[in-house]
Amino acid sequence: MIRKIKQRVKKTTSMRRPQSGNGVRRNHHPSASVLAPDSRNFVHFNDRQAGKSALSLFLSELISNPRNIGAACPSSNGLANCMASFVPRAEDGYIIELGAGTGTITAAILRQGIDPKRLVVVEKSAKMAEFLKHRFPEILVIHGDAAELSHYLDSHFGAGQWHVSTIVSSLPFKSLPVSVGDAIKEQFQQVLPPRGRLIQFTYDIRPVSAHYFTNFKKKNSRIKWINIPPARVDVFLREKQKN
Ligand SMILES: C[S@@+](CC[C@H](N)C(=O)[O-])C[C@H]1O[C@@H](n2cnc3c(N)ncnc32)[C@H](O)[C@@H]1O
């Protein structure tokens with residue numbers, strides 16, 4: 001009986017285990033199609049496996065670079081699901097996640113049924129980027145700086161041969177140097193077309209001005225209390241440039 005159970009567990013595990021690979025592919029074709037049910041199972045399987053090592057990696061990176069990490073621990077599933085719920089499924093174009101950390105929000109975006117071919121993440125920590133490549137071998141993970149986003153897109157997809165519909169950012173603007181924050185905000189304007197969507201969370205839960213990001217207008221806001229600490233999710237839409 002025990003042997004039978006062991007065999008069954010082994011069979012299920014090998015069916016769901018992702019193919020090995022470094023997660024960086026060059027020919028990505030974004031489309032609005034959704035994941036097949038099998039792929040969803042595989043994301044859930046990865047979630048459970050990743051949890052413990054994700055937390056210890058997050059904490060060690062926090063100790064070595066607190067300003068870049070800017071958070072005491074990874075986002076809660078509630079916060080991650082809230083961020084992901086604002087990602088439109090029925091649109092074409094790439095979805096860019098900035099500062100993916102150990103992938104809590106990445107996993108939530110995939111659980112929404114977003115096609116992994118549409119998802120590109122940029123993460124500055126080398127160890128976290130490596131972790132993400134193993135956790136999500138089906139998406140494009142770029143180890144780099146969000147301030148260089150358009151450059152990465154040009155070099156992966158061809159100069160100007162890309163269309164971004166949404167940026168999901170958990171970058172800690174309050175703890176990053178102002179010059180770095182400004183360079184990243186400049187990229188938001190450069191990469192997102194009019195009506196493009198920017199989803200950002202912050203631990204400062206006081207209401208933010210409607211035009212917090214230049215040339216963006218706030219459309220939605222939600223506080224998630226079950227997170228350490230509580231956080232506010234804001235959704236901004238790119239406006240047409242005014243000049
Ligand atoms: C607050 S943590 C969020 C991690 C994860 N998204 C979560 O919600 O648990 C911020 C992340 O942004 C990354 N980061 C900081 N500055 C960055 C930059 N300039 N470009 C890309 N990633 C950056 C950090 O390494 C860290 O993983």
Side-chain angles (χ1 to χ4, degrees), residues 57-75 79 83 86 94-106 119-132 140-157 159-160 162 164-194 196-219 221 229 231-243:
L57 172 60
F58 196 98
L59 295 177
S60 77
E61 290 297 276
L62 173 62
I63 290 163
S64 48
N65 203 337
R67 281 188 89 180
N68 268 3
I69 302 298
C73 57
S75 297
L79 174 56
M83 294 281 281
F86 288 114
Y94 290 108
I95 293 154
I96 311 289
E97 189 192 353
L98 301 176
T102 49
T104 314
I105 295 173
T106 321
L119 185 55
V120 176
V121 313
V122 179
E123 171 52 57
K124 194 166 187 184
S125 148
K127 286 184 184 162
M128 283 171 158
E130 200 51 38
F131 181 89
L132 291 165
L140 174 59
V141 175
I142 298 170
H143 167 225
D145 189 328
E148 301 286 325
L149 177 60
S150 55
H151 165 74
Y152 301 139
L153 294 174
D154 279 347
S155 68
H156 277 279
F157 305 120
W162 40 267
V164 173
S165 72
T166 306
I167 292 179
V168 181
S169 159
S170 32
L171 294 172
F173 283 107
K174 303 242 180 232
S175 67
L176 292 177
V178 174
S179 59
V180 175
D182 286 348
I184 296 170
K185 289 173 191 168
E186 188 62 42
Q187 286 291 305
F188 291 168
Q189 298 192 59
Q190 205 172 315
V191 162
L192 278 174
R197 194 177 279 227
L198 167 62
I199 306 165
Q200 171 78 48
F201 84 75
T202 171
Y203 299 127
D204 183 352
I205 58 173
R206 293 170 296 179
V208 71
S209 102
H211 289 94
Y212 180 77
F213 293 109
T214 311
N215 288 322
F216 284 86
K217 184 153 192 222
K218 191 169 75 174
K219 275 285 158 204
S221 197
R232 198 192 62 241
V233 174
D234 293 309
V235 183
F236 298 87
L237 287 190
R238 176 79 161 87
E239 296 178 302
K240 282 193 189 143
Q241 217 135 359
K242 292 177 198 132
N243 52 25

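The residues of the chain are indexed from 1 along the displayed sequence.
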Query raised in the report: For Leu153 and Val164, what are the C-alpha separation, side-chain angles and deciding distance, and is it a side chain to side chain contact (heavy atoms under 4.5 Å, CB included)?
Result: CA-CA 10 Å; Leu153 294 174; Val164 173; 3.9 Å; yes

Query raised in the report: Any side-chain heavy atom of Phe216 within less than 4.5 Å of one from Leu237?
Result: no

Report task. Check step by step if side chain to side chain contact (heavy atoms under 4.5 Å, CB included) holds for Tyr152 and Asp154. Result -> CA-CA 5 Å; Tyr152 301 139; Asp154 279 347; over 6 Å; no

Requested in this report: May I ask you to check whether Thr214 and Gln189 show a side-chain donor-acceptor distance below 3.5 Å?
Outcome: no

Query raised in the report: Is the backbone of Ile167 close enough, under 3.5 Å, to the side chain of Glu97 for a donor and an acceptor to pair up by distance?
Result: no

Query raised in the report: Once you round to the nearest 0.5 Å, how far does CE of Met83 lie from OG1 of Thr104?
Result: 11.0 Å

Query - Note, Pro193 side chain near Arg238 side chain (heavy atom, < 4.5 Å) - result: no

Report task. Rounded to the nearest 0.5 Å, what's the gap from CG on Leu79 to CD1 on Ile105? Could you check? Result -> 5.5 Å

Query raised in the report: Looking at Val208 and Lys218, what are the two nearest heavy atoms and their distance?
Result: O-NZ, 3.1 Å

Requested in this report: Check salt bridge (Lys or Arg N to Asp or Glu O under 4.0 Å) between Asp182 and all other residues, then give those that pass, not counting sequence neighbours.
Outcome: none

Query raised in the report: Hey, is the main chain of Gly99 close enough, under 3.5 Å, to the side chain of Ser170 for a donor-acceptor pair?
Result: yes

Query raised in the report: Could you state the interatomic distance from CD1 (Ile96) to CZ (Phe188), rounded to the nearest 0.5 Å?
Result: 11.0 Å

Query raised in the report: Would Tyr94 and Phe157 count as a ring-ring contact (aromatic ring centres under 6.0 Å, His included) if you check the C-alpha gap in whole Å, the side-chain angles of each, and the deciding distance to 0.1 Å?
Result: CA-CA 11 Å; Tyr94 290 108; Phe157 305 120; 4.4 Å; yes

Requested in this report: Any chance you could lay out the side chain to side chain contact (heavy atoms under 4.5 Å, CB included) test for Thr102 and Leu132, step after step, and finish with the verdict?
Outcome: CA-CA 6 Å; Thr102 49; Leu132 291 165; 5.7 Å; no

**Report entry** Closest non-hydrogen atom pair between Gln200 and Ser169, with its separation
**Finding:** OE1-OG, 2.6 Å

Report summary line: When rounded to the nearest 0.5 Å, the distance separating CZ of Phe201 from CG of Leu171 is 9.5 Å

Query raised in the report: Is any side-chain heavy atom of Ile95 less than 4.5 Å from a side-chain heavy atom of Val120?
Result: no

Requested in this report: To the nearest 0.5 Å, tell me how far Ile142 CD1 sits from His151 NE2.
Outcome: 9.5 Å

Requested in this report: Compare every heavy atom of Lys124 with every heavy atom of His143, then report the nearest pair and how far apart it is.
Outcome: NE2-O, 3.0 Å

Query raised in the report: From Glu130 CD over to Leu57 CG, what is the distance, rounded to the nearest 0.5 angstrom?
Result: 11.0 Å

Query raised in the report: Tell me the salt bridge (charged side-chain N to carboxylate O under 4.0 Å, His left out) pairs involving residues 59-75, sequence neighbours left out?
Result: none

Requested in this report: Identify the heavy atoms of Ala147 and Ile184 that sit nearest to each other, and give their distance.
Outcome: N-CG1, 3.7 Å

Report task. Give the minimum heavy-atom separation between Leu149 and Val122, together with the two atoms involved. Result -> CD1-CG2, 4.0 Å

Query raised in the report: Is the Lys NZ or Arg CZ of Lys185 less than 6.0 Å from the centre of Phe173's six-membered ring, within 45° of the axis?
Result: yes

Query raised in the report: Do Arg232 and Tyr203 have side-chain heavy atoms sitting under 4.5 Å apart?
Result: no

Requested in this report: Take Arg197 and Ser165 through the side chain to side chain contact (heavy atoms under 4.5 Å, CB included) test and state the conclusion after the steps.
Outcome: CA-CA 6 Å; Arg197 194 177 279 227; Ser165 72; over 6 Å; no

**Report entry** salt_bridge(Asp204, Lys174) N-O dist < 4.0 Å
**Finding:** yes

Query raised in the report: Which atom pair, heavy atoms only, marks the closest approach of Ala146 to Leu98?
Result: CB-CD2, 3.9 Å

Requested in this report: Side-chain contact test, heavy atoms from C-beta onward, threshold under 4.5 Å: evaluate it for Pro194 versus Glu239 and give yes or no.
Outcome: no

Report task. Side-chain contact test, heavy atoms from C-beta onward, threshold under 4.5 Å: evaluate it for Leu140 versus Val121 and give yes or no. Result -> no

